[in-house]
Amino acid sequence: MSDLLADLNPQQQAAVSAPDGQILVLAGPGSGKTRVLTQRAAFLILEREVDPYRILAVTFTNKAAREMQERLQRMLGSKLDGLWLGTFHSICARILRREADALPFTRDFVIMDADDQQNLVKLSLKELNIDDKLYPPASLHAAISNAKNNLTQAKDFVAGNYREEITRRVFERYEQKLQASNALDFDDLLLYAVRLLQENDGVRQKYARRFYHVLVDEFQDTNMAQYELLQLLASHYQNIFVVGDEDQSIYRWRGADYRNVLRFEKDYPKHVKLLLEQNYRSTQNVLDAATAVIDRNTQRTPKKLFSKRGKGDKIVLYEAVDDHAEAMFTVETIRNLLEGKKAKGGDIAIMYRTNAQSRLLEEAFFQSRLPYRLVGAQRFYGRQEVKDMIAYLRTVQNPADEVSLLRVINLPPRGIGDKTIEDLRTCANQAELSMGSVLLDLGAKQDTSPYWDTFSPRAASALATFGALLINWRSLSTSVLLPDLFEHILKDTHYQEFITDASSEIGYSRWENVQELLRMAYEYAQVGLVDFLENLALVSDQDTLPEKSDAPTLLTLHAAKGLEYKVVFIIGLDEGTLPHRRSMDDPEEMAEERRLFYVGITRAKDHLYLVRADQRRSFGSFDYSTPSRFLEDIPENLLLRAGFQHYHSSAPSRQTLQPRWTSTSEKPKSAPRESAQYTAGMHVKHAVLGNGIVIQSKLQGDDEIVTVAFDKAGLKKLSAAIAKLEIL
């Protein structure tokens, strides 16, 4: 026991050695929660002599699961055999494949990734003759996902209005298409697992009696389906150990509900609550700022975060004249840090609320000729050539997977056009078979197939040729290793020639991506096609991040969860940006915006820069910004102020300050004004914003600032010199 607990602080020791029962560990950022969860598993095995077979450990990302697996492997070696460790979705997939006989699909089901799910919704809309401009697929899919996360299936979905009725129809057709393809989406993995355990007492007892201990990471990010799943799996022994932090719950839009922490306390009245408050990441000034921000939220357990790393530097609050200056200040500060060797590129991150905020930063990096790494751009598994090869492999595994089949059936072009595909779909529907089954029959029997005469001779021959290839690949999938199958598909389809023909440089880059996927296939050579495809389907954005990079990282605050950097910039700290304008009328949304800022602050190890802009450009005009309300919560003694407002602290109020421009080409070239050109009540027209009414106009130096209520664009403050408003 002394070896397991020796390097832990008293709070960590109490958590690792806690008695059996229901344990709620609320772990502040940087407090070593993953270490505690890992040590807890080791403690149960070595000190309590619990068979690893009786332990279930659940994480949220594959990366976290790998790290925990590696740590336990180093600590326990072969004693680890039998422990179930993985993400919620991978654990559910494992259960569903084992118990498929009790479910409406076979054990070789495929898992549709995000793009495939969207495509199925689009197909459903098309078949139902519903306009996808009035009912965007992304919006409908989000509604379907939300229903499933709340354990509602299509047959149980109740429509309260016409839009929900459309959702219900698409939901039903979407489910039909999934079932026809013997496929599940991410939400189905949870939904079917929960329903299986709820409705089949024998299966529930099988797993509940097996898992003597259930350990859970990132508990604050669980949704209702995941919470119910945990309760079912821990229902027999009631030994459940959860680690989380309601202050870091930032995925409400995905269905995550921080209130599950409160539900846990209510559902398990005999639980033990433990706090991890010592931070090993940040300086005390950073922690004090974060605490001051998050303490304004209610429905949480207060924590007193402390660090033994010292107070550290003050937090820089820079107020730029405009959004261009905001980006340039950030990039130039990074340049100075790099040239002064105060940080390496990989030590630095710039965080923002929305992806759109990266544009000006990218321009500033380009102008400064500094490299950067953009997180949230098209990730590896979203690239066309990678998705093509995955679709081929998925079609081999499951020819009933219509989405994958339609992607590759004429890729590279092999004479199977839209008309032939429609004929194939009609033929399959009439025969009550999948399109893949008809293809396989044509491939096996050629012109003796009962379906041959359904098509023109040329179309039938093309379909039969592809069907024969598919038969051969399916045979190889059971007799050769995964990389060999992969290379056979590449050779048979002449895929390299197809993607490298158009442009040598672009084509070579695309071929490198295919080769990288092939290298990954070698890593899965011994486990096979099913596990390889399942791993790809469950990969998240953070799982695709390289372990190391020498360039500064640009990423959203949502993507920053779980990461840490020596130097952190958080930009866009203005009302309407952070907090986001959508949160203004919803207290729960506003509380989550505050948690999002808290997560960003606590990513910083040594240096934190908070950056905002006094004005932001829009359609050739500019709007004044108001500092984020969250900045008001940070004690002044923690801040070092700089920038536009700091240097003009003795000047008149913001409304009378003369605008400063980031380049001479942007400076308005109008003569000094002696009287206002626009007056309240005037009807005006803007070339982009349309018609509006002047609300107010003020002279400002050699310019005139006009406040206009536009019919469609809303209230805007414009520079008369730039906007060139036409008086109607």
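Numbering starts at 1 and runs along the sequence shown.
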Checklist line | Under 3.5 Å: donor-acceptor pair, side chain of Gln118, backbone of Asp115 | finding: no
Item checked: Counterpart residues, salt bridge (Lys or Arg N to Asp or Glu O under 4.0 Å), relative to Glu127 (two or more places apart) -> Arg173, Lys177
Check: Does the ring center of Tyr372 lie less than 6.0 Å from the ring center of Phe366?
Finding: no
Note to self: Suppose we screen for side chain to side chain donor-acceptor pair (under 3.5 Å). Which residues come up paired with Tyr392, at least two apart in sequence or across chains?
What the structure shows: Arg414
Next item on the list: Decide side chain to side chain donor-acceptor pair (under 3.5 Å) for Asp401 and Asn182; before the verdict, give the C-alpha distance in whole Å, the side-chain angles of both, and the deciding distance to 0.1 Å.
Entry: CA-CA 7 Å; Asp401 177 358; Asn182 193 40; over 6 Å; no
Item checked: Step-by-step side chain to side chain donor-acceptor pair (under 3.5 Å) determination, Asp606 to Tyr565 -> CA-CA 8 Å; Asp606 298 332; Tyr565 298 89; over 6 Å; no
Item checked: Worked verdict on Tyr352 versus Phe569 for ring pair (Phe, Tyr, Trp, His ring centres under 6.0 Å) -> CA-CA 9 Å; Tyr352 35 81; Phe569 293 79; over 10 Å; no
Margin query: Using 0.5 Å steps for rounding, measure from the CE atom of Met389 to the CG atom of Leu518.
Written below: 9.0 Å
Item checked: Counterpart residues, salt bridge (Lys or Arg N to Asp or Glu O under 4.0 Å), relative to Arg281 (two or more places apart) -> Glu564
Notebook entry, point to check: With sequence neighbours excluded, what pairs up with Phe329 under the ring-ring contact (aromatic ring centres under 6.0 Å, His included) test?
Noted result: Tyr318
Check: Is the backbone N or O of His580 less than 3.5 Å from a side-chain atom of Thr577, with the two atoms forming a donor-acceptor pair by type?
Finding: no
Item checked: side chain to side chain donor-acceptor pair (under 3.5 Å) between Ser145 and Asp187, intermediate numbers included -> CA-CA 6 Å; Ser145 177; Asp187 303 310; 2.7 Å; yes
Margin query: Is it the case that atom CG in Asp418 sees more than 12 heavy atoms from other parts of the structure closer than 6.0 Å?
Written below: no
Item checked: Of all pairs that satisfy salt bridge (Lys or Arg N to Asp or Glu O under 4.0 Å), the ones with a partner from residues 482-496, not counting sequence neighbours -> none
Notebook entry, point to check: Should we count CD of Glu432 as having more than 12 external heavy atoms under 6.0 Å?
Noted result: no
Note to self: For a quick check under 3.5 Å, do Thr34 and Glu67 share a side-chain donor-acceptor pair by atom type?
What the structure shows: no
Margin query: Just verifying a value: how many Å separate Asp221 CG and Thr59 OG1, rounded to the nearest 0.5 Å?
Written below: 11.5 Å
Item checked: Distance, nearest 0.5 Å, that separates CG of Leu140 from OH of Tyr174 -> 11.5 Å
Notebook entry, point to check: Would you call Asp550 and Lys344 a salt bridge, taking side-chain N to carboxylate O under 4.0 Å as the test?
Noted result: no
Side chains of residues 438-449: which donor-acceptor partners sit under 3.5 Å, not counting sequence neighbours?
unit_1, atom_1, unit_2, atom_2, d
Asp441, OD1, Ser449, OG, 2.6
Asp441, OD2, Lys445, NZ, 3.1
Gln446, NE2, Gly443, O, 3.1
Thr448, OG1, Lys445, O, 2.6
Ser449, OG, Tyr451, N, 3.2

